[in-house]
Amino acid sequence: MSDLIVAVDGPAGSGKSSVSREAARRLGFAYLDTGAAYRALAWHCLDEGVDVEDAVAVAARVPGFDYAIGMSPDRYFVRVGGEDITPDIREPRVTAVVSAVARVPEVRAGLTELFRRLVAERPEPGVIVEGRDITTVVAPDAAVRVLLTATPEARMARRSAELGAKPTESMTQQLASRDAQDLKVVDFMNAAEGVTTLDSTELDFEQTVQALIDIVRARPSA
Ligand SMILES: Nc1ncnc2c1ncn2[C@@H]1O[C@H](COP(=O)(O)OP(=O)(O)O)[C@@H](O)[C@H]1O
Ligand SMILES: Nc1ccn([C@@H]2O[C@H](COP(=O)(O)OP(=O)(O)O)[C@@H](O)[C@H]2O)c(=O)n1
């Protein structure tokens, strides 16, 4: 079992997945993208014709949810029922409904349990776990807890660069509205007590990865 858990939270586009993955690769750690599970469950609901606004119907999909995720930084995949849906969970139709699925309490409880089990099973010396509620709910006792932030403008610019486009008004609104919906469930904008804030607004990707690694190496018991 991994001894060292690094919990990373933050808003959409702050760099959680990419920075966590690269830092994990350099540290020889595993990493867990928890947002992928919420996205995969949302994809599954759409696939099965479940009304995502019907919390009871969504909750009923949790117990038999057949989910698998790659946690090696060099082998990332997402599967539901054995089917590889790695690119599908990033589709706009999934992004549009994921917050509705993520606010169902049974979903959060079921996935939190799944994340803890996945982390406990890893043989690597450490695991970086990233999402919205890792520092506060999933792993509040983690040895290292970080809130990765950036201004809305920086986050939007990064997201649109990824898509090879300029930020549009509607993209900016969608990102802001998803953050607003997610914030009703968990606060990932303000660092909880004992959580280190890493503001990446003025840092490039490499500097942000290095800053996260420095925080891990500087942990009190290191
Ligand atoms: N400090 C940074 N400077 C510039 N680009 C970054 C930085 N951190 C991340 N990125 C890029 O921004 C995009 C969004 O990052 P991502 O990891 O998907 O964010 P999140 O998981 O928080 O939504 C990616 O293309 C990533 O490579
Ligand atoms: N720990 C987490 C991670 C994600 N989520 C939900 O899952 C969605 C997708 O997360 P993500 O990390 O893939 O989103 P991006 O920030 O990468 O766009 C978020 O908008 C939240 O609704 C959550 O509720 N709790």
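Ligands are counted one by one from 1 in listed order, and the atoms in each one are counted from 1 as well. In this text the structure is predicted, and so the values were computed from the model without any measurement. Hydrogens, waters and symmetry mates are skipped; everything else that's a heavy atom, side chains included, is used.
Salt bridge status for Arg159 with Glu162: present, with a side-chain N to carboxylate O gap under 4.0 Å. Residues Arg39 and Glu91 are not paired through a salt bridge, judged by the lack of any N-O separation under 4.0 Å between the basic side chain and the carboxylate.
If you look at Thr208 next to ligand 1, the close heavy atoms, those under 4.0 Å, all belong to the side chain. By the criterion of a heavy-atom distance under 4.0 Å, the side chain of Ala102, and not its backbone, is placed next to ligand 2.
With respect to atom 3 (C) of ligand 2, the closest heavy atom belonging to the protein is Thr34 OG1, 3.4 Å. Counting protein heavy atoms only, atom 12 (O) of ligand 2 is closest to Arg132 NH1, 3.2 Å. Ser18 OG, 3.4 Å is the protein heavy atom nearest to atom 26 (C) of ligand 1. The single protein non-hydrogen atom nearest to atom 5 (N) of ligand 2 is Tyr38 CD1, 3.5 Å, given as residue, atom name and distance. Looking only at heavy atoms of the protein, atom 23 (O) of ligand 1 is closest to Arg159 NH2, 2.6 Å. Ranking the protein heavy atoms by distance from atom 1 (N) of ligand 2 puts Asp133 OD1, 2.9 Å first. With hydrogens left out, the protein atom closest to atom 13 (O) of ligand 2 is Arg39 NE, 2.7 Å, a heavy atom. Looking only at protein heavy atoms, the nearest one to atom 10 (O) of ligand 2 is Gly35 CA, 3.5 Å. Nearest to atom 4 (C) of ligand 1 among the protein's heavy atoms is Arg158 NE, 3.5 Å. Looking only at heavy atoms of the protein, atom 19 (O) of ligand 1 is closest to Gly15 N, 3.1 Å. With hydrogens left out, the protein atom closest to atom 25 (O) of ligand 1 is Glu162 OE2, 3.0 Å, a heavy atom. Regarding atom 21 (O) of ligand 1, its nearest protein heavy-atom neighbour is Ser17 OG, 2.7 Å.
Shown in contact with Pro11 at under 4.0 Å from a heavy atom are these atoms of ligand 1, numbered in order with element: 22 (O). Near Ser99, meaning under 4.0 Å from one of its heavy atoms, ligand 2 places the atoms 22 (O). Interface of Arg90 with ligand 2, defined as ligand atoms under 4.0 Å from a residue heavy atom, comprises 13 (O). Close contacts of ligand 1 with Leu203, meaning ligand atoms under 4.0 Å from a residue heavy atom, involve 1 (N), 2 (C), 3 (N).
By the 6.0 Å and 45° rule, Arg21 does not stack over the aromatic ring of Tyr31. Cation-pi geometry between Arg79 and Phe77 is satisfied (NZ or CZ under 6.0 Å from the ring centre, within 45° of the ring normal).
Proximity of Gly13 to ligand 1 is established by a heavy-atom distance of less than 4.0 Å.
Between Asp182 and ligand 2, at least one N/O pair is under 3.5 Å apart.
Glu48 CD: more than 12 foreign heavy atoms inside a 6.0 Å radius.
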query: What's the verdict on salt bridge (Lys or Arg N to Asp or Glu O under 4.0 Å) for Asp33 and Arg132, showing C-alpha distance, side-chain angles and the deciding distance?
result: CA-CA 10 Å; Asp33 168 3; Arg132 301 288 189 289; over 6 Å; no
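The heavy atom nearest to atom 17 (O) of ligand 2, out of those in Arg178, Lys16, Arg159, is found in Arg159. Of the candidates Arg108, Gln181, Glu130, the one placing a heavy atom closest to atom 25 (N) of ligand 2 is Arg108.
Applying the side-chain hydrogen bond (donor to acceptor under 3.5 Å, both in side chains) definition to pairs two or more places apart or across chains, those involving residues 176-197 are Ser99-Asp182, Arg155-Asp179, Asp187-Asn190.
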